[in-house]
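Throughout, protein chains are lettered first and strands after them, A, B, ... in sequence-line order, and every chain is numbered starting at 1.
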2 protein chains.
Amino acid sequence: MAYADQYIDKLRKSGLRPTKQRIKICEVLFDAEKTFHFTIKELVKIIENQANIKVSLATVYNTVHAFMKKGYLKEIPLNASQSYYDTNVTHHHHFFDEEENKLIDIHQDDVDEVNIKRTIPGKKIKSVEVIAKIVSDNQSQK
Amino acid sequence: MAYADQYIDKLRKSGLRPTKQRIKICEVLFDAEKTFHFTIKELVKIIENQANIKVSLATVYNTVHAFMKKGYLKEIPLNASQSYYDTNVTHHHHFFDEEENKLIDIHQDDVDEVNIKRTIPGKKIKSVEVIAKIVSDNQSQK
DNA sequence: TAATACATTATATTAATTCTAAACTGTTGA
DNA sequence: TCAACAGTTTAGAATTAATATAATGTATTA
Ligand SMILES: [Mn+2]
Ligand SMILES: [Mn+2]
Ligand SMILES: [Zn+2]
Ligand SMILES: [Zn+2]
């Protein structure tokens, strides 16, 4: 609860009322040591485990969408049937481990600037994301 | 119907029985001048329009999955609520037009090799895909 | 052509997400 | 301070992509 005030400020500045549900979700998402990736289902589970309050599924969806709109969360394009979200909102890329269904960050510095030698008339590039799918390296089978 | 024989061969070689539904779907997907991207919903609509036969939704799903397994189609990772498929199965990248919800191919030659300076122990990279989101360029507002 | 394995279909089911509308709460200004 | 209001939460319903089911139909093979 130590960081609650900071989240109250953050929410107020965004024009979002600091309700106890939103503060709790902030704690779960932004208190963490490291940024992380999550699905809605996973987020609900984390809240259930570490929260003293109950937050409805609808509120979790509402809040995640509100935070995305404010730029506090990013949605990660994956061909899954569910959305993945990222608390790391800096520009970066991803490995996607197809066996464990887990995203792993690749810092921008670890990928040479992606140079696209093609343009679409009347359009500009808003973002460029690289997704590298990875699987177990079983070349060790001599 | 001219290419039907070719598809019959293709299907037979894949161990798929050449049914009239599958041949029709082949025609829709592979007769086209150019490769293209589609959702299941769109594919169903195309079939409805140009086919003399009815193909059930279940068969469309089954067939698309069978073709993916055989490498005749690729699934494109997008943060949409539905899957996009690609009849271009060569290695290439995409623009995604967020305003028109359309994918545009970027040939491999038009993107410098993506060099990822990071590895995950025990894992190897299976594929690397770039998605560049594009929006209208309204800088012309002087 | 009969037997069989494979395929199609209508329909039911699942599951992520969104919607609804009633109850609740944070904010504001008198 | 507190009533009024706008914004928020909630349970549950609705929506929708995708998958499963199981009965019927068809391509293949001998
Ligand atoms: Mn969304
Ligand atoms: Mn699929
Ligand atoms: Zn990330
Ligand atoms: Zn493509």
Practice item. Tell me which nucleotide among D:dT9, D:dA17, C:dA10 gets nearest to the side chain of A:N62. Key: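 The answer is D:dT9, which lies nearest to the side chain.
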Check your understanding: Which listed nucleotide (D:dA17, D:dT9, C:dA16) is nearest to the side chain of B:Q82?
Key ->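 The nucleotide sitting nearest to the side chain is D:dA17.
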Review point. Across the strands shown, which category fits A:L57 at heavy-atom distances under 4.0 angstrom: base, sugar-phosphate, nothing?
Key: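 Here A:L57 touches the bases of the nucleic acid.
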Exercise for review: Identify whether any heavy atom of A:K20 sits under 4.0 Å from a base atom; if not, whether one sits that close to sugar-phosphate; answer base, sugar-phosphate or nothing.
Suggested key: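 The answer is nothing, as A:K20 stays clear of every strand by at least 4.0 Å.
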Exercise for review: Flag this pair as yes if the NZ/CZ of B:K74 is under 6.0 angstrom from the six-membered ring centre of B:Y84 and inside a 45 degree cone about the axis; otherwise no.
Suggested key: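 Output no; distance or angle outside limits.
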Practice item. Check whether NZ of the Lys or CZ of the Arg B:K10 lies under 6.0 Å from the centre of the six-membered ring of B:F30 and within 45 degrees of that ring's axis. Key: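 Satisfied, under 6.0 Å and within 45°.
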Counting just side-chain N and O atoms, does [X] come under 4.0 Å of either OP1 or OP2 of [N]?
{"X": "B:K54", "N": "C:dT9", "result": "no"}
{"X": "B:Y61", "N": "D:dA18", "result": "yes"}
{"X": "B:S83", "N": "D:dA18", "result": "yes"}
{"X": "B:H65", "N": "D:dA18", "result": "no"}
{"X": "B:R12", "N": "D:dT28", "result": "yes"}

**Study point:** From B:H93, B:K34, B:H37, residue fulfilling side chain to side chain donor-acceptor pair (under 3.5 Å) relative to B:D105
**Key:**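 Single side chain to side chain donor-acceptor pair (under 3.5 Å) partner of B:D105 among B:H93, B:K34, B:H37: B:H37.
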Practice item. Could you give me the CA-CA distance, side-chain angles and deciding distance for A:T59 and A:Q21, then say whether side chain to side chain donor-acceptor pair (under 3.5 Å) is met? Key: CA-CA 8 Å; A:T59 295; A:Q21 292 85 349; 5.9 Å; no
Review point. So does A:E99 have more than 12 non-hydrogen atoms from other groups sitting under 6.0 Å from CD?
Key: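 Counting other residues, nucleotides and ligands, CD of A:E99 exceeds 12 neighbours.
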Review point. Is the number of heavy atoms from other residues, nucleotides or ligands within 6.0 Å of NE2 (B:H91) greater than 12?
Key: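 Correct, the count exceeds 12.
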Quickly work out the [X] [atom1] to [N] [atom2] distance and round it to whole Å.
{"X": "B:N101", "N": "D:dA17", "atom1": "CG", "atom2": "P", "answer": "13 Å"}
{"X": "A:L78", "N": "C:dT17", "atom1": "CG", "atom2": "P", "answer": "12 Å"}
{"X": "A:K24", "N": "D:dT10", "atom1": "NZ", "atom2": "C1'", "answer": "19 Å"}
{"X": "B:I53", "N": "C:dA7", "atom1": "CD1", "atom2": "P", "answer": "16 Å"}
{"X": "A:L11", "N": "C:dT25", "atom1": "CG", "atom2": "C1'", "answer": "15 Å"}

Check your understanding: Could you go step by step and tell me if A:T35 and A:V89 meet the side chain to side chain contact (heavy atoms under 4.5 Å, CB included) rule?
Key -> CA-CA 9 Å; A:T35 61; A:V89 294; over 6 Å; no
Pairwise N/O distances under 3.5 Å, protein to nucleotides 4-8 of chain D:
from  : atom 1 : to    : atom 2 : distance (Å)
D:dA6 : N3     : A:R17 : NH1    : 3.3
D:dG7 : O4'    : A:R17 : NH1    : 3.3
D:dG7 : O4'    : A:R17 : NH2    : 3.3
D:dT8 : OP1    : A:R17 : N      : 3.3
D:dT8 : OP1    : A:R22 : NH1    : 2.6
D:dT8 : OP1    : A:R22 : NH2    : 3.3

